[in-house]
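What you see is a predicted model, and the numbers here were worked out from it, not measured in a lab. The analysis underlying the following values was restricted to heavy atoms, covering all of them including side chains, and did not include hydrogens, waters or symmetry mates.
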Amino acid sequence: MDGSLLNQGILLMLVGMGTVFVFLTLLVIAMSTLSSVVTRLSPPAPALDGPSADELAAITAAVEHHRRSTQI
């Protein structure tokens with residue numbers, strides 16, 4: 001009886017691990033496929049040039065104003 005119970009436990013473990021392996025493999029394939037589809041269909045990202053000289057001057061002035069107004 002113990003051998004049969006042990007065999008059933010091993011069989012159940014193998015079936016469970018096989019099911020998880022197949023599911024994860026299908027998940028990886030689906031994610032890779034969707035990633036390539038989205039990459040092809042999405043528009044290219046705009047180039048980020050950074051802040052202009054006027055924006056940089058405004059940011060610097062705002063930081064200086066904040067530092068001076070919060071000094072104790």
Completion exercise
Looking only at heavy atoms, the pair that brings Ser35 and Thr39 closest together is O-OG1, 2.7 Å

Exercise for the section: Check the hydrophobic clustering (I, L, V, M, F, W, Y; side-chain heavy atoms under 4.5 Å; chains of links allowed) and say if Val20 and Met17 are grouped together. Expected result: no

Practice task
To the nearest 0.5 Å, tell me how far His65 NE2 sits from Thr70 OG1.
Solution key: 9.5 Å

Handout entry: N/O donor-acceptor pair under 3.5 Å between Glu64 side chain and Ala61 backbone
Key = no

Completion exercise
CG of Leu34 to CE of Met31, rounded to nearest 0.5 Å, is 7.0 Å

Completion exercise
In this structure, OG1 of Thr19 is separated from CG of Leu24 (nearest 0.5 Å) by 11.0 Å

Practice task
Decide yes or no for Gln8 and Leu12: does some side-chain heavy atom of the first lie under 4.5 Å from some side-chain heavy atom of the second?
Solution key: no

